[in-house]
Asks: 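Have a look at the structure that comes next, please.
Along the sequence shown, the residues carry numbers beginning at 1. As a basis for the values below, the full set of heavy atoms in this structure was taken, side chains included, without hydrogen atoms, waters or symmetry mates.
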Amino acid sequence: MNAVAHQSAPQSLNADLTPPLSALQAMVESARCLYCFEPACVSACPTGIDIPGFIRRIADGNVAGAGRTILSENILGGTCARVCPTEILCQQACVRNTGEERPVAIGRLQRFATDALMGKGGHPFIRAAESGKAVAIVGAGPAGLACAHRLSLLGHRVDIFEARPKPGGLSEYGLAAYKMADDFAQRETSFILALGGIAVHYGRTLGETLDLDALSADYNAVFLAVGLGNPRPLGIAGDDLAGVEDALAFIEKIRQGVAAPILGRVIVIGGGNTAVDAAIQALCLGAGEVVMAYRRGAAQMGATAWEQQLALTRGVIIKPWLAPKRIVGEDGRVEAVQFERTILADGVFLSTGEVIEVPADLVLTAIGQGLRADDLAGLAIDGGRIVVDNRYQTGRPGVFAGGDCIKSGLDLTVQAVEDGKRAAQAIDRFIRN
């Protein structure tokens, strides 16, 4: 992919990326589903939602039933409908996804059904009788919330300990505003907590105001949903200059309403969805030019082809085959980034030795996050993730983990939800035995 600039103006910062379907549009789209006997779309969904089942309910006019079908497997179905890369999951597997026609718009139908159900008020599920057991969850992100909801359904009392002042994790702090318009993360969290039996305690951080030994002593089980909280540094000269910022921290400022307008040129270093989110939002804040630089090719980017195209159509300039070498500045502030061109030769990425300099007033780094392993009281870590068995249990009895802090599949919100759900089922078996 060559550097490409588009004429289209960026959308406003908080505008909804994809408008919701109307009732008529949802009925028409649901009629396109073939209700396959062995639906490949279900197998492609990490949470195993009965996709033909909920779409059939929409077609039959039972929208509330469709929403309940979704949320019974994925309690964060509203968020996942907005942010899941359906183009590489359920919709890619859709039998209508051929060269002649497009797949059924599963994600948009899911949003239609979950939004309708949440808008009715109340909660569609009822807790089981109190078990007398209590579970501590560290982290109120998607994995923690999904685990808490399922444990509460099963009759257990749940205390969630969250370091930040709001729940939601990456849904609240790390996803672009245009994907989570109208404060949806908080509305969805309030809906989840309306089940009852779940208390959230804010400003509580493992290793500071929380101790794993004490939690294990005070609760029947502990679930760690701590995510990956350490941004990876570039590790090159100049990465400490003013104007060099972590992309997730940049997105967080936007989501919390404290971002300032941007004047000038922005370089985003990275090739994942976070890089795309940061790049587009920089344009929305008024940046004159935004370049997204990646050390490999477009095919190797973590961002899906759909996300890459979204960036291009919003005006982001994507420059692959550029590895950051040095950040240049004057008087302590960034002025440019030096890159070395790379190539792919015989399956190996190599530097060519050619160095170019791209001017910048702001540099955003989006090269991943790491685990804060110092807070984990000796739990086994492998590849920067907590080691768990097939029941999501760590090497410490009664301590479970899930979400981004373990490696269970794709690093996606929907996978974190599935981790939380399955861990809750394992925790239920553990504490009842």
Asks: Any luck finding a side-chain donor-acceptor pair between Thr69 and Asp50 under 3.5 Å?
Replies: no

Asks: Quick one: do Glu130 and Lys133 make a salt bridge, cutoff under 4.0 Å?
Replies: no

Asks: Any carboxylate oxygen within less than 4.0 angstrom of a Lys/Arg side-chain nitrogen, looking at Glu172 and Arg255?
Replies: yes

Asks: One thing to verify: whether Arg187 and Asp115 come together as a salt bridge, which I'm taking to mean a side-chain N less than 4.0 angstrom from a carboxylate O.
Replies: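 Salt bridge between Asp115 and Arg187, a charged N being under 4.0 Å from a carboxylate O: no.
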
Asks: If you measure from the Lys or Arg side-chain nitrogens to the Asp or Glu carboxylate oxygens, is any gap between Asp428 and Arg432 under 4.0 Å?
Replies: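 Salt bridge: yes.
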
Asks: Do Phe400 and Val222 come within less than 4.5 Å of each other through their side chains, counting heavy atoms only?
Replies: no

Asks: Should Leu195 and Leu153 be marked as a side-chain contact (heavy atoms from CB on, under 4.5 Å) after you check the CA-CA gap, both sets of side-chain angles, and the distance that decides it?
Replies: CA-CA 8 Å; Leu195 174 67; Leu153 269 180; 4.0 Å; yes

Asks: Within 45 degrees of the axis of the six-membered ring of Phe349 and under 6.0 Å from its centre: does Arg295 put its NZ or CZ there?
Replies: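 No, Arg295 and Phe349 do not form such a contact.
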
Asks: Does this structure show an ion pair linking Glu29 with Arg102, if we count only N-O contacts that are shorter than 4.0 Å?
Replies: yes

Asks: Whether the Asp277 and Gln281 side chains hold a donor-acceptor pair (N or O, under 3.5 Å, no angle test) is what I'd like checked.
Replies: no

Asks: Does the pair Lys253/Asp246 count as a salt bridge with the N-to-O cut at 4.0 Å?
Replies: no

Asks: Cation-pi check, Arg391 to Phe430: give yes when NZ or CZ is under 6.0 Å from the six-membered ring centre and within 45° of the ring axis, no otherwise.
Replies: no

Asks: Per the salt bridge (charged side-chain N to carboxylate O under 4.0 Å, His left out) rule, which among Lys421, Arg150, Arg68 passes with Glu73?
Replies: Lys421

Asks: Does any non-hydrogen side-chain atom of Leu376 lie less than 4.5 Å from one of Leu224?
Replies: yes

Asks: Would Arg164 and Tyr202 count as a cation-pi pair here, with the cationic atom under 6.0 angstrom from the ring centre and within 45° of the axis?
Replies: no

Asks: Restricting to non-hydrogen atoms, name the atom on Leu228 and the atom on Cys405 that form the minimum distance, rounded to 0.1 Å.
Replies: CD2-CA, 4.2 Å

Asks: Take Asp159 and Tyr219 through the side-chain hydrogen bond (donor to acceptor under 3.5 Å, both in side chains) test and state the conclusion after the steps.
Replies: CA-CA 9 Å; Asp159 284 318; Tyr219 292 86; 2.7 Å; yes

Asks: Indicate whether any N or O donor in one side chain lies under 3.5 Å from an N or O acceptor in the other, for Tyr392 and Asp419.
Replies: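 Yes, because at least one side-chain N or O of Tyr392 sits under 3.5 Å from a partner of the opposite role on Asp419.
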
Asks: For the side chain to side chain contact (heavy atoms under 4.5 Å, CB included) test, which of Cys45, Cys90, Cys33 pairs with Ile106?
Replies: Cys90

Asks: Tell me which pairs pass ring-ring contact (aromatic ring centres under 6.0 Å, His included) where either residue lies in residues 66-109, with sequence neighbours left out.
Replies: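 Every pair satisfying ring-ring contact (aromatic ring centres under 6.0 Å, His included) with a residue in residues 66-109: there are none.
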
Asks: I'd like to know if Lys319 pairs up with Glu289 as an ion pair, taking the criterion as any Lys NZ or Arg NE/NH1/NH2 lying under 4.0 Å from an Asp or Glu carboxylate oxygen.
Replies: no

Asks: Less than 4.5 Å apart, any side-chain heavy atom of Asn74 and any of Val414?
Replies: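 Yes. Closest side-chain heavy atoms under 4.5 Å.
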
Asks: Report yes or no: do Gln92 and Glu87 form a side-chain donor-acceptor pair below 3.5 Å?
Replies: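 No.
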
Asks: Are any of the side-chain heavy atoms of Thr114 and Leu71 separated by less than 4.5 Å?
Replies: yes

